[in-house]
Number of protein chains: 2
Amino acid sequence: MSFHGSTARLSEARRVAIFGGTHGNEMSGVALVNLWIKNSDDIQRRGVDIKPFIANPKAVEKCVRYVETDLNRAFTPENLSASGGDEFPYEVRRAQEINRMFGPKGSPEAYDVIFDLHNTTSNMGCTLILESSKDHFNLQMMNYIKKAISPASCLVLLNEHPLLKYSTCRSVAKHAVGLEVGPQPQGVLRSNIFEAMRVILKHALDFIELFNEGMEFPPCTVEVFRVNERIDYPRDANRNIIAMVHPNLQDCDWEPLNPGDPMFQTFDGKTIPYQGSCTVYPTFINEAAYYEKQQAFVTTRRETLAASSIRKA
Amino acid sequence: MSFHGSTARLSEARRVAIFGGTHGNEMSGVALVNLWIKNSDDIQRRGVDIKPFIANPKAVEKCVRYVETDLNRAFTPENLSASGGDEFPYEVRRAQEINRMFGPKGSPEAYDVIFDLHNTTSNMGCTLILESSKDHFNLQMMNYIKKAISPASCLVLLNEHPLLKYSTCRSVAKHAVGLEVGPQPQGVLRSNIFEAMRVILKHALDFIELFNEGMEFPPCTVEVFRVNERIDYPRDANRNIIAMVHPNLQDCDWEPLNPGDPMFQTFDGKTIPYQGSCTVYPTFINEAAYYEKQQAFVTTRRETLAASSIRKA
């Protein structure tokens, strides 16, 4: 990235991948990517090579999140640099393969952009997930998409946290974009969620085409929700869950949770309030896949990020 | 059953079981049964032995529908009469064990009532499932529950069909009652669904207590939805799904579907209308577990059943 005046000059985005089925039971991405593999009319853009790709075909075949270990946590430096073969879990071997195809992660040869399509059982609506607050290309893309789909809304989750960040599939690319749309049960395909995801991808690819054609995007600001803290379900001495997300909090992703607000309800009807010291914005509330990760929801803080003007180098 | 005047005299219901976890990822039944195993205050009734029971513990442990085969289809005469052991799938062996504990199916020794608690990803609300239109005890129970929870609603699905009926866990008992509550994603526990299920069980057990104490229940009628036809998703020549439940039909369980109404939407946006010859009432719309059973929804017909007056013998 270089600056001419106040405008950042960035490389074109010529190689783009769209991952579906990183989790094999999140059906919108699986269906869209399979559709685009058969017929790519929707996703063709001038001067861009766009590759739709099923990230975890074995998990897709079985309609499970993963076969042996979570692929979307597997892109660690240790895994990607390990040599060897069959002794590794399937998803670790698949991560190495994906890193060879779309990376290597952190190298100049890596793909420019990877979109990674996910569904959630949470009532999150359309959520774009970023891993860095300093990626002006991505911030400009978020701003473009938000404006393009208005008055529909699309929120941005910033997963930039020293402890809670994890090693995603999409982190192989120079610009990593997660797209999480819900609510949709695992193993189910809902037409409204499919359509919402399709439309956001359309605008994201339009942005890339415009950028490549030389359009300058002026400075802007983007509201994001920065990941703050994981909250587990209340448990007994044997680590069994003893409470549910409180009805006042269920489905209220992105709404303020204030100190003292109801947070959980025990199976015998008692309310457990939130005891934090300030207002937070919970999300991923009651996501099915996060029971095993001991997470009832994640709290976030609202921030406004500034993106500089960008233009292709 | 004997009649005195117009009143059917029926045996008391002294042994009652409540099954949770027949499908291991349907969490409301699992949570309620585990709660009641620890503390049975909620479900104690005078003169009734009530046993809360986890039907498929291995599936519950893994949070999957089943380990080897669907337990709720396994109670066939062939399975229950087979001798042998480890060569059978886990669920077939478990069915034999359940039949020994709560049956034998069809015998005078069988449990009087089994409630089997299920969740669905469909927008079915509270649904009681019956297997016979001639079980006056169950019809009176349905009538009692419907009145008790009013103005909340609880519908009755009659799964009495020469081809579409299947061999459920609860069919071991003299009176088999399924309780299906949704929408709830697999592997998720929602407080509203948990509470709805808890309240219906309370009224069902109250009915049994009143019946055992000698209360006479006068003749009544019960509206039921009788299973009519399974409808599969549209598929291509390779049997891959090519369309989703249409947005106009999604979440519209129990609402009339008329000839010509939109039914599916293909991935490339075309509408496929319903081409039946008369109005039906679809349910189990877009249930996650029924993709593998090649069922997008089931159609039903509305009927009104008459229950005679009943009293204990």
Side-chain angles (χ1 to χ4, degrees), chain A residues 25 27-28 30-36 38-39 41-42 62-65 119-123 182-195 198 233 236 238 240-251 262 264-269 271 285-292 296, chain B residues 25 27-28 30-36 38-39 41-42 62-65 119-123 182-195 198 233 236 238 240-251 262 264-269 271 285-292 296:
Chain A
N25 54 10
M27 304 305 285
S28 307
V30 173
L32 280 168
V33 164
N34 278 331
L35 177 70
W36 291 330
K38 269 190 284 188
N39 179 350
D41 288 356
D42 260 9
K62 295 185 173 184
C63 198
V64 294
R65 183 173 175 89
N119 292 121
T120 173
T121 64
S122 307
N123 187 31
Q184 182 172 268
Q186 297 175 343
V188 166
L189 188 56
R190 290 179 60 98
S191 51
N192 60 331
I193 303 291
F194 175 95
E195 181 61 15
R198 197 186 63 75
Y233 296 91
D236 65 16
N238 299 320
N240 294 314
I241 287 175
I242 55 166
M244 303 167 279
V245 170
H246 193 279
N248 290 19
L249 178 58
Q250 177 69 49
D251 301 329
F264 294 108
Q265 188 173 61
T266 65
F267 293 150
D268 51 2
T271 293
I285 297 172
N286 213 354
E287 158 56 40
Y290 288 171
Y291 280 74
E292 68 171 28
Chain B
N25 54 11
M27 304 305 285
S28 306
V30 173
L32 280 168
V33 165
N34 278 332
L35 177 69
W36 291 330
K38 270 190 282 187
N39 179 350
D41 289 356
D42 259 9
K62 294 185 173 183
C63 198
V64 294
R65 183 173 175 89
N119 293 121
T120 172
T121 63
S122 305
N123 187 30
Q184 181 171 268
Q186 296 175 344
V188 165
L189 189 55
R190 289 179 61 98
S191 52
N192 59 331
I193 304 290
F194 175 95
E195 180 61 14
R198 197 185 64 74
Y233 296 90
D236 64 15
N238 300 320
N240 293 315
I241 287 175
I242 57 166
M244 304 167 280
V245 169
H246 193 278
N248 290 20
L249 178 58
Q250 178 69 48
D251 300 329
F264 294 108
Q265 188 173 62
T266 65
F267 294 150
D268 51 3
T271 293
I285 297 171
N286 214 352
E287 158 58 38
Y290 289 171
Y291 280 73
E292 69 172 26

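Per chain, numbering begins at 1; letters A, B, ... match sequence-line order. None of the values given here were measured: they were computed from a predicted structure.
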Stepwise side chain to side chain contact (heavy atoms under 4.5 Å, CB included) test for A/Asn240 and B/Lys38: CA-CA 13 Å; A/Asn240 294 314; B/Lys38 270 190 282 187; 5.6 Å; no
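Proximity to chain A involves both the backbone and the side chain of B/Leu189, based on heavy atoms less than 4.5 angstrom apart. Looking at A/Arg190, the atoms closer than 4.5 Å to chain B (heavy atoms on both sides) sit in the backbone and in the side chain alike. Only the side chain of B/Phe194 comes within contact range of chain A, with heavy atoms under 4.5 Å apart. With a 4.5 angstrom heavy-atom cutoff, B/Asn286 touches chain A via backbone and side-chain atoms both.
Summarising the geometry of A/Met244 relative to B/Ser191, their closest heavy-atom pair is SD-CA, 3.5 Å, with the distance given to 0.1 Å. Across all their heavy atoms, B/Phe267 and A/Ala31 have their closest contact at CZ-CB, 4.2 Å.
Top candidate by heavy-atom pairs under 4.5 Å with chain A, chosen from B/Ile242, B/Ile241, B/Asp251, is B/Asp251.
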